[in-house]
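Note that this is a predicted model, so its numbers are computed, not measured.
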Amino acid sequence: MKNIFSLLKLTLLTLILFAVIYPLAIYGIAQFAPNQGKGETISINGKVVGYQKIGQKFDKSNYFWGRPSAVDYNAAGSAGSNKGPSNADYLALVQKRIDTLLLVHPYLKKWEIPSDMVTASGSGLDPNISPQGALIQVKRVAKERKLAEDKVKALVESKINTAVVGPETVNVLELNMALDALR
């Protein structure tokens with residue numbers, strides 16, 4: 001009986017700690033984050049069109065495409081594929097993505113495709129691509145929008161984010177919004 005009471009006290013203590021105190025502490029800390037922890041939204045004319053840190057699906061040929069998603073861009077189910085580089089299914093999926101890119105971008109060679117354009121991120125929701133990933137799409141997007149390639153390339157270069165630590169990136173949503181503003 002003594003052990004049961006000890007276990008019940010421990011259960012109650014951990015329940016209060018992890019179901020009440022911890023969530024309230026995280027909520028309190030989030031109040032100091034941008035937008036009080038609700039995410040950094042991107043708006044056009046007062047209407048929220050997306051989030052700064054969550055990737056969206058762009059698959060029309062007149063837009064820049066983002067990094068593939070293992071969860072089809074579902075923010076409620078963030079996850080990677082968890083398949084290793086020797087997994088046959090994973091290799092087939094990557095090859096399919098390469099084939100699709102080469103079909104839509106016939107001017108490219110396989111070795112010119114950056115890895116971020118054919119592999120999903122760990123979260124499956126990466127909003128950024130490499131500058132190279134954006135630059136290989138310039139010709140297609142310019143042709144579809146009937147814009148000069150150098151104008152679209154200059155837009156991409158203006159949207160490159162440089163970090164103190166880490167690689168340069170391009171936020172796909174912000175790039176596509178700027179592209180729509182070119183009209």
Side-chain angles (χ1 to χ4, degrees), residues 33-35 39-75 78-81 83 85 90-183:
N35 205 19
E40 297 174 44
T41 59
I42 298 175
S43 303
I44 297 177
N45 300 326
K47 181 182 176 196
V48 175
V49 294
Y51 288 86
Q52 177 77 26
K53 309 269 189 225
I54 299 176
Q56 295 183 16
K57 186 174 192 169
F58 288 99
D59 55 5
K60 293 183 180 174
S61 58
N62 62 333
Y63 283 107
F64 285 91
W65 298 343
R67 192 164 185 182
S69 173
V71 293
D72 199 31
Y73 304 95
N74 179 358
S78 172
S81 71
K83 294 180 181 173
Y90 178 72
L91 293 174
L93 180 60
V94 170
Q95 186 60 52
K96 181 181 173 188
R97 291 172 180 161
I98 290 169
D99 293 343
T100 300
L101 277 172
L102 291 175
L103 183 67
V104 178
H105 304 92
Y107 49 87
L108 284 178
K109 303 286 186 249
K110 184 176 179 177
W111 57 268
E112 294 176 310
I113 299 172
S115 62
D116 64 312
M117 295 305 296
V118 294
T119 58
S121 66
S123 69
L125 299 169
D126 193 348
N128 302 314
I129 58 175
S130 65
Q132 297 80 12
L135 290 170
I136 66 167
Q137 301 180 67
V138 165
K139 192 176 217 174
R140 170 184 49 85
V141 172
K143 181 180 175 188
E144 286 291 322
R145 294 206 175 221
K146 297 174 179 49
L147 294 169
E149 281 184 42
D150 58 339
K151 188 174 184 178
V152 177
K153 183 179 179 184
L155 178 67
V156 168
E157 290 170 347
S158 74
K159 291 296 179 182
I160 294 174
N161 301 314
T162 56
V164 176
V165 177
E168 293 180 325
T169 60
V170 177
N171 184 289
V172 179
L173 176 58
E174 289 178 351
L175 177 60
N176 284 330
M177 287 174 47
L179 186 63
D180 282 342
L182 279 180
R183 290 187 206 159

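- With sequence neighbours excluded, no residue satisfies side chain to side chain donor-acceptor pair (under 3.5 Å) with Asn176.
- For the residue pair Ala79 and Ala70, the shortest heavy atom distance occurs at O-CB, 3.6 Å.
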Taking only distance into account, with no hydrogens and no angle test, what donor-acceptor pairs under 3.5 Å do side-chain atoms of residues 146-169 form with protein atoms, sequence neighbours excluded?
unit_1	atom_1	unit_2	atom_2	d
Ser158	OG	Leu155	O	2.7

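- Contacts of Phe58 classified as ring-ring contact (aromatic ring centres under 6.0 Å, His included), with partners at least two apart in sequence or in another chain: Tyr63.
- Considering every non-hydrogen atom in both Leu91 and Pro85, the closest pair reads CD2-O, 3.3 Å.
- In terms of the side chain to side chain donor-acceptor pair (under 3.5 Å) criterion, residue partners of Asp126 (sequence neighbours excluded) are, by chain and number, Arg67.
- Between Ile129 and Gln137, some side-chain heavy-atom pair lies under the 4.5 Å cut-off.
- Leu175 approaches Ala134 most closely through the heavy-atom pair CD2-CB, 4.3 Å.
- Distance CH2/Trp65 to CD1/Ile136: 9.5 Å, rounded to 0.5 Å.
- Nearest approach of Gly66 to Val172, heavy atoms of both residues: CA-CG2, 3.7 Å.
- Applying the side chain to side chain donor-acceptor pair (under 3.5 Å) criterion to Ser61, with sequence neighbours excluded, gives Glu144.
- Side-chain contact between Leu135 and Val170 is absent, with no heavy-atom pair separated by less than 4.5 Å.
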* Asked: How far apart are the C-alpha atoms of His105 and Glu112, what are their side-chain angles, what is the distance that settles it, and do they pass the side chain to side chain contact (heavy atoms under 4.5 Å, CB included) test?
  -> CA-CA 11 Å; His105 304 92; Glu112 294 176 310; over 6 Å; no
Show which side-chain atoms of residues 50-57 pair as donor or acceptor with protein atoms under 3.5 Å away, not counting sequence neighbours.
unit_1	atom_1	unit_2	atom_2	d
Gln52	NE2	Glu174	OE2	3.3
Gln56	NE2	Val49	O	3.0
Lys57	NZ	Asp72	OD1	3.3

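- Summarising the geometry of Leu103 relative to Pro106, their closest heavy-atom pair is O-CD, 3.8 Å, with the distance given to 0.1 Å.
- Distance alone, capped at 3.5 Å, is enough to place a donor-acceptor pair between the Ser78 side chain and the Ser123 backbone.
- Checking each of Arg97, Gln95, Lys96 against Asp99 for a side-chain hydrogen bond (donor to acceptor under 3.5 Å, both in side chains) leaves exactly one that passes, namely Gln95.
- How far CD of Gln132 is from CG of Asp116: 8.0 Å, rounded to the nearest 0.5 Å.
- Rounding to the nearest 0.5 Å gives a distance of 5.5 Å between CE of Met177 and CD1 of Ile42.
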